[in-house]
Number of protein chains: 2
Amino acid sequence: MDTTQAIFAFSALSQETRLDVLRLLIKAGQTGMNAGEIGDVLGVRQNTMSTNLNILLRSGLVRNEREGRSIRYFADIDGIRGLLAFLMEDCCGGKPELCEPVLDAIVCDC
Amino acid sequence: MDTTQAIFAFSALSQETRLDVLRLLIKAGQTGMNAGEIGDVLGVRQNTMSTNLNILLRSGLVRNEREGRSIRYFADIDGIRGLLAFLMEDCCGGKPELCEPVLDAIVCDC
DNA sequence: TCCATACATCAAGAATAATAGATATAACGG
DNA sequence: CCGTTATATCTATTATTCTTGATGTATGGA
């Protein structure tokens with residue numbers, strides 16, 4: 001992950017539809033969701049959703065897989081990890097009490 | 001953290017100067033850095049840096065403290081935690097193997 | 001109180017991004 | 001093949017964001 005890529009990824013997340021999509025796909029986990037299904041759930045027009053899905057794809061936060069006529073989208077965990085690792089790189093200047101709370105926040109219930 | 005606030009924060013990070021500033025402040029930890037010092041290190045003009053620091057402040061990713069004539073800026077760990085927690089909320093749909101690698105990436109050496 | 005330092009705000013031009021109508025492509029069924 | 005479904009691309013308009021010169025404000029020292 002370099003700065004340019006990180007900026008592109010954060011930029012992808014700085015728009016409501018795309019942020020909603022990624023959060024939805026993170027919830028969906030390995031099951032993923034079809035493009036049309038995502039558009040229906042979020043109430044976004046087909047071509048707008050397609051454009052936004054493509055931006056998420058290019059940002060490396062999402063991946064997809066053709067499934068017959070549909071295309072299924074998934075959160076790309078490696079991409080998300082890379083982005084967060086880039087942000088938190090060299091964190092806390094040797095004082096773990098600064099960054100530990102950040103980790104705690106992401107621990108999920110599963 | 002709500003969607004509007006998260007979009008504002010990700011938008012704050014989707015610009016080179018501001019992303020550089022936050023990463024710098026994360027490295028600086030509790031020591032923080034003066035506004036002028038940040039501008040010097042990153043080679044950004046005074047008023048541009050001031051505008052960008054204000055955007056980071058309003059995004060909740062950074063906090064500041066007056067120090068005589070200077071103003072010292074710090075990464076706001078609570079703000080960062082809130083943002084990442086919002087993104088990863090309800091992650092992995094019951095399958096921990098999806099989100100654990102994300103956590104591993106952020107574990108720091110300190 | 002006057003000056004210097006450190007930072008913030010204003011305003012306007014330039015660059016970038018968002019949306020949606022129209023159209024194109026890809027896959028499947030008959 | 002032909003039609004239908006599912007998604008992608010093109011294009012233009014509108015809206016937002018970035019940068020910077022000029023100027024304003026706050027603090028501390030002489």
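Throughout, a chain's letter reflects where its sequence line sits, starting with A, and its residues are numbered from 1.
The shortest heavy-atom contact between B/Y73 and B/A35 is CE1-CB, 3.8 Å. Taking all atoms of both residues into account, the shortest heavy-atom contact from A/E67 to A/N34 is OE1-OD1, 3.3 Å. Between A/F74 and A/L25 the shortest heavy-atom distance is C-CD1, 4.1 Å.
Here the side chain of B/R18 pairs a donor or acceptor atom with the backbone of B/A12 at under 3.5 angstrom. A donor-acceptor pair under 3.5 Å is formed between the side chain of A/R66 and the backbone N or O of A/G68.
Between the CG atom of B/N54 and the C1' atom of C/dC10 there is a distance of 13 Å, rounded to whole Å. The CZ-C1' distance, from A/R69 to C/dG29, rounds to 7 Å in whole Å. C/dA27 atom C1' lies 16 Å from atom CZ of A/R72, rounded to whole Å. As a whole-Å value, the separation of B/R66 CZ from C/dA6 P is 12 Å. Between B/Y73 atom OH and C/dC7 atom P there is a gap of 8 Å when expressed in whole angstrom units. Atom-to-atom, CD of B/E16 to P of C/dA15 comes out at 18 Å; the value is rounded to the nearest Å.
Between A/R81 and A/D78, at least one side-chain nitrogen of the basic residue sits less than 4.0 Å from a carboxylate oxygen of the acidic one, meeting the salt-bridge criterion.
Between the CD atom in B/E65 and the CD1 atom in B/I71 there is a gap of 10.5 Å [rounded to 0.5 Å]. Separation of atoms OG1 (B/T48) and CG (B/L42) is listed at 12.0 Å; rounding is to 0.5 Å.
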Scan nucleotides 16-25 of chain C nucleotide by nucleotide, 5' to 3', and note B when protein non-hydrogen atoms come under 4.0 Å of the base, S if they reach only the sugar-phosphate, - if neither.
-> --SSBBB---
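Along DNA chain D, read 5' to 3', the first and last nucleotides having any atom under 4.0 Å from a heavy atom of chain A are D/dT4 to D/dT9.
Residue contacts for B/S50: at a heavy-atom cut-off of 4.0 Å it reaches a base atom on one of the strands shown.
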